[in-house]
**Q** 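Here it is: the structure, laid out below.
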Amino acid sequence: NPSEEQLRETVAIAKNNTTHVIKHNQTLEVALEKSTIEIERLRHDLEKVKKESLTDSLTGIANRKAFDSEIIRKIREAKEEQAAFSIMMMDIDHFKSFNDTYGHQVGDQVLRLVGKCLTDGIKGRDFAARYGGEEFVIILPETELTHAISVGNNLRKHVASKEVINRSSGENLGRITLSVGVTEFNGKESAEELIERADSALYTAKNNGRNQVAAASSSGKEVA
């Protein structure tokens, strides 16, 4: 039988081993907690980078890349659900001359103003994006052509109601207007064909005098 001394040594070793295991486990728990925090930080950074890649840095609304992805998704969804939706292309009238006259800083201010007017003027699942330069685009889910025309006119009037003030000088630079082209998805066309019809309607609005809405029917013909 083991002596009392041997039993004491065995108990001491066991206690020491237990203390070592507890400390080791605590170290692992701290490392795991740090790892979890780091993974969460990396996930947050990844989501931030992804969001930034789909956002127009100047206006803060969706960019062309985001729109290209959204329109494809919307067409697929509309075909599956047999649902109507419309899109509108918008162009700031005489933007180049405005930009040349007052400078790029004021031009950027105008672009930000239009971006805010569009996001303030839409709702729900409506999707607004800067298409490029002074051109913007909006997707209107579950919206037929006549209602899309009405939305386009409301947005156009909302933008025209805003006065542009030069922030550096306080000078009133007047008002800006939009030309708008609207069309409804015909149920079978590609994204390129749909955008081309909306763009054609936009040029009709510009050619007819600007600051107005023109619409293309599903056949591609322009209507008032």
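Hydrogens, waters and symmetry mates play no part in the numbers below; they use all other heavy atoms, side chains included. We're numbering straight along the sequence, starting at 1.
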**Q** Ring pair (Phe, Tyr, Trp, His ring centres under 6.0 Å) with F95: which residues, sequence neighbours excluded?
**A**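 F95 satisfies ring pair (Phe, Tyr, Trp, His ring centres under 6.0 Å) with no residue once adjacent residues are dropped.
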
**Q** Got a salt bridge between E134 and K96, using NZ or NE/NH1/NH2 to carboxylate O under 4.0 Å?
**A**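 Between K96 and E134 there is no salt bridge, as every charged N stays at least 4.0 Å from the carboxylate O atoms.
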
**Q** Provide the closest heavy-atom pair for S179 versus A205 in the form atom of the first, atom of the second, distance.
**A**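 In this case the closest contact between S179 and A205 is CB-CB, 4.2 Å.
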
**Q** Would you mind reporting whether I138 and L155 have side-chain heavy atoms less than 4.5 Å apart?
**A**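 They are in side-chain contact.
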
**Q** Where the side chain of S35 meets the backbone of A31, is there a donor-acceptor pair that is under 3.5 Å apart?
**A**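 Such a contact is absent between S35 side chain and A31 backbone.
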
**Q** Quick one: closest heavy-atom pair of N186 and R197, and the distance?
**A**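 Nearest heavy atoms, N186 then R197: N-NH2, 4.0 Å.
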
**Q** Output yes when a side-chain donor or acceptor of R125 lies under 3.5 Å from a complementary backbone atom of I139, and no otherwise.
**A**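 No; zero donor-acceptor contacts below 3.5 Å.
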
**Q** According to ring pair (Phe, Tyr, Trp, His ring centres under 6.0 Å), does anything in residues 155-179 pair up with another residue at least two apart or in another chain? List the pairs.
**A**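 Found none.
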
**Q** Taking only residues two or more places apart in sequence, or in another chain, which ones meet R175 in a salt bridge (Lys or Arg N to Asp or Glu O under 4.0 Å)?
**A**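 For R175 the salt bridge (Lys or Arg N to Asp or Glu O under 4.0 Å) partners, ignoring immediate neighbours, are E163.
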
**Q** Looking only at atom types and distance, does a side-chain atom of T36 sit under 3.5 Å from a main-chain N or O of L32, one as donor and one as acceptor?
**A**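 Yes, because the side chain of T36 sits within donor-acceptor range (under 3.5 Å) of the backbone of L32.
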
**Q** Cut-off 3.5 Å, side chains only: do T59 and R130 have a donor facing an acceptor?
**A**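 T59 vs R130: no donor-acceptor pair found between side chains.
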
**Q** Can you find a heavy atom in the side chain of I149 that is under 4.5 Å from one in the side chain of N153?
**A**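 Result yes, sub-4.5 Å side-chain heavy-atom pair found.
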
**Q** To the nearest 0.5 Å, what is the distance between CZ (R210) and CG (L202)?
**A**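 Rounded to the nearest 0.5 Å, the CZ-CG separation comes out at 10.0 Å.
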
**Q** Please list all pairs passing the salt bridge (Lys or Arg N to Asp or Glu O under 4.0 Å) test where one or both residues lie in residues 199-209, with sequence neighbours left out.
**A**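 Qualifying pairs: D91-K206, D93-K206.
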
**Q** So do the side chains of T177 and R156 get within less than 4.5 Å of each other, counting heavy atoms only?
**A**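 Contact flag for T177/R156 side chains = no.
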
**Q** Is there a side-chain contact between F185 and I71, using heavy atoms and a 4.5 Å cut-off?
**A**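 Not in contact.
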
**Q** Identify all side-chain donor-acceptor contacts of residues 105-121 below 3.5 Å with residues at least two apart in sequence or on another chain.
**A**
from, atom 1, to, atom 2, distance (Å)
Q109, NE2, I165, O, 2.7
K116, NZ, D120, OD2, 2.7
T119, OG1, G115, O, 3.2
T119, OG1, K116, O, 3.0

**Q** If you compare all heavy atoms of L54 against all heavy atoms of A66, which two are closest, and at what distance to 0.1 Å?
**A**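 Closest heavy-atom pair between L54 and A66: O-CB, 3.4 Å.
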
**Q** Does L173 offer a backbone N or O that forms a donor-acceptor pair with the side chain of N166 under 3.5 Å?
**A**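 No; zero donor-acceptor contacts below 3.5 Å.
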
**Q** Quick check for you: to the nearest 0.5 Å, what is the distance between T55 atom OG1 and I61 atom CD1?
**A**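 The OG1 atom of T55 sits 9.5 Å away from the CD1 atom of I61.
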
**Q** Rounded to the nearest 0.5 Å, what separates atom CD in E70 from atom CZ in F127?
**A**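 Those atoms lie 5.0 Å apart.
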
**Q** Nearest 0.5 Å, please: how far is CD1 in I92 from CD in E135?
**A**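 If we round to the nearest 0.5 Å, E135:CD and I92:CD1 are 10.0 Å apart.
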
**Q** Taking atom NZ of K74 and atom CG of L140, what is their separation to the nearest 0.5 Å?
**A**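 Answer for the NZ-CG pair, K74 versus L140, is 10.0 Å.
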
**Q** Look up atom CZ in F85 and atom CD in E184, then write down how far apart they are to the nearest 0.5 Å.
**A**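 Going from the CZ atom of F85 to the CD atom of E184 covers 9.0 Å.
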
**Q** Step through the shown structure and confirm whether more than 12 heavy atoms of other residues, nucleotides or ligands are within 6.0 Å of OH on Y203.
**A**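 12 or below, so no.
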
**Q** For residues E196 and E189, determine if any side-chain heavy atom of one lies less than 4.5 Å from a side-chain heavy atom of the other.
**A**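 A side-chain contact is absent here, since even the closest heavy-atom pair is not under 4.5 Å.
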
**Q** Just by distance, do the side chain of E193 and the backbone of S190 share a donor-acceptor pair under 3.5 Å?
**A**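 It does hold such a pair.
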
**Q** For the side chain of T143 and the backbone of S86, is there at least one donor-acceptor N/O pair under 3.5 Å apart?
**A**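 No; zero donor-acceptor contacts below 3.5 Å.
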
**Q** I'd like to know if the side chain of S69 reaches the main chain of K65, judged simply by a donor and an acceptor atom lying under 3.5 Å from each other, with no hydrogens or angles considered.
**A**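 Flag not set: sc S69 to bb K65 has no pair under 3.5 Å.
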
**Q** So which pairs with a foot in residues 130-149 pass ring pair (Phe, Tyr, Trp, His ring centres under 6.0 Å), sequence neighbours left out?
**A**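 Sorted pair list: F67-Y131.
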
**Q** Do E77 and R73 sit within salt-bridge range, that is, some charged N less than 4.0 Å from a carboxylate O?
**A**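 Yes.
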
